[in-house]
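Down below is the structure, laid out as structure tokens.
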Amino acid sequence: MSNREYSALEYLDHLMSGQNAHADVEEPEIEEEVSEDEDDEEYDPEHDEETSDEEEEELDDDEELFISKDKKMSWSSIPYETHGKAQAENIIRMTPGPTRFAISCVQDIKSAFELFIPESIQKILIDMTNMEGRRVFKDNWKMIDKTDLDAYLGLLLLAGVYRSNNEATASLWDAETGRSIFQATMSLQTFHVMSRVIRFDNRETQVARRAADKLAPVRELWEKWVERLLCMYNPGPDVTVDERLLPYRGRCPFKQYIPSKPAKYGIKIWAACDASSSYAWSMQIYTGKPAGGVAEKGQGKRVVLEMTEGLQGHNITCDNFFTSYALGEELRRRRLTMVGTVRKNKPELPAALTGIKNRAALSSKFAFTETTTTVSYCPRKNKNVIVMSTHHKNTAVSSREDNKPEIILDYNNNKGGVDNLDKVTGTYTCQSMTARWPMAVFYNILDVSAYNAFVVWMAINPGWNARKTFKRRLFLEELERALVTPHIERRQWIPRTAASANLTGRIHTNTPQTRRIHTNTPQTSRIHTNTPQTSRPHTNTPQTSRPHASRPSTTRACQRQ
């Protein structure tokens, strides 16, 4: 009784003390009830309105844990919870497409090409070629300039347009089987001399640098060119990293043999391309093992990290040479995601994914960590493909007949960025037979530059030749004409063949300010007449009608035709 009266008195005192005291009485009572329910070992969740704990227990019962081969990781058979907001790794900070600088510099097709072969690269080519020309031909060498270089590059690209890279050069200048544009631009002899003396580095200081750098003959040119690739175009959300093999069978200190490639022998180049347009965004030549001869460990990871430096928010697609769990984690720290096939001997994979025993055809098995999803898909019995992704977070499977997971479909859509670059550059390549590997690298620079220029041009001018299905060929033809026309305009000698002479005459006629040939005797300046004295410019005798006709070949080759 005393306890009950005391409680009543206490309760009355609290009522008299106002609302604040009453609130102080109720608040600890609610908290205490909650804490007792949580700590009560005999608590029955069936009497509680919330059943989340029960659902979690059911999920835990269905969950299966997989231990990696190296016993250092555990994978779950069910995905981890994800929330609505987009991952920081998938937020792109740059606008895909041509950069503002590229857009401001492009006025025509030639200026689009010169985004990648700018004055700095042209200066290297002109200076080093003149240096080699003086070394070989001494005082007989006539210095070349930008117009000569443009004409030479234009003819190289034109040979690619005609798919004549494997054709004998002499046949391109043949009066019957050749093309008139070649003779109209320069003589065959001048073209051969240019191909012989063109250089990309100082030969006198090259020997000392080659001991430490196998890429010394083209190092400066290559690095300046790669810098231009990065500055002209922003790749879209998906980027492909893969290897390329530049066909070459001559002497090269880092020539590779890759039997899976069509050419098998050549120069290996790592490439990062925009998956949708195949724009070559970054490249790196593989020069083989270092001087010590020790094989590089973690090469695939190192290549991807270097090739994607500067990107943020993109998804990187790569094949099983590059893909690993460690690479995915490092890319996540750089706010990038990864999708790629995985080799089955990777230590981070669980045996449950690599094994194919008792696996049904068209079946998929998933494994998850907090950051990574891995799927093992069986396209047919006793065959499986493993794909790892830090971009996907669920077990989504397509509704197609083959039941492929969405991870594999995304990988298939984006894996061909580099392979497509090989295809399009190989269609109209200017590659030709050469005994110098730096020249093979230079041909590749021209091919990729011409294609990148086409991508930039079409992004800026999407309606250009909209109804044509061979836009790239038209682009290359216009680019070639823009490169060779200034050289044709200033030629002092009319070609011998009628077609080339007519082409030269048309270009001179369409050019208001140009050095005319035989301005005082326009009717007798053509070479179609039967009189030798009037058919050749500035001459009275047939013996001196062609430049340097009686001189040795070395002297004759050095003069501008």
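The first residue of the sequence shown is numbered 1, and numbering continues consecutively from there. Treat the numbers as computed from the prediction; the structure is a model and nothing was measured. Excluded from the calculations below are hydrogen atoms, water molecules and symmetry mates; all remaining heavy atoms, backbone and side chain alike, are included.
Of the N and O atoms on the side chains of Asp410 and His392, at least one donor lies less than 3.5 Å from an acceptor on the other residue. Checked by atom type, the side-chain pair Asn384/Lys344 shows a donor-acceptor distance below 3.5 Å. Between the side chains of Thr240 and Asp242, not a single donor N or O lies within less than 3.5 Å of an accepting N or O. The closest side-chain donor-acceptor pair between Ser195 and Tyr152 falls under 3.5 angstrom.
The pair Arg219-Asp213 meets the salt-bridge criterion, since a charged nitrogen lies less than 4.0 angstrom from a carboxylate oxygen. We find that Asp419 and Arg244 are not joined by a salt bridge, their nearest charged nitrogen and carboxylate oxygen being 4.0 Å or further apart. The pair Arg333-Glu330 counts as a salt bridge, with a side-chain nitrogen and a carboxylate oxygen less than 4.0 angstrom apart. Between Arg302 and Glu296, at least one side-chain N (NZ, or NE/NH1/NH2) sits under 4.0 Å from a carboxylate O, which counts as a salt bridge. With respect to the salt-bridge test (charged N to carboxylate O, under 4.0 angstrom), the residues Lys110 and Asp108 do not qualify.
The ring of Phe368 has its center no closer than 6.0 angstrom to the ring center of Tyr80. Centroid-to-centroid, the aromatic rings of Phe442 and Trp437 stay 6.0 Å apart or farther.
In this structure, Lys268 is positioned above the aromatic face of Tyr286, its NZ or CZ under 6.0 Å from the six-membered ring centre and within 45° of the axis.
To the nearest 0.5 angstrom, Leu215 atom CG is 5.0 Å from Phe254 atom CZ.
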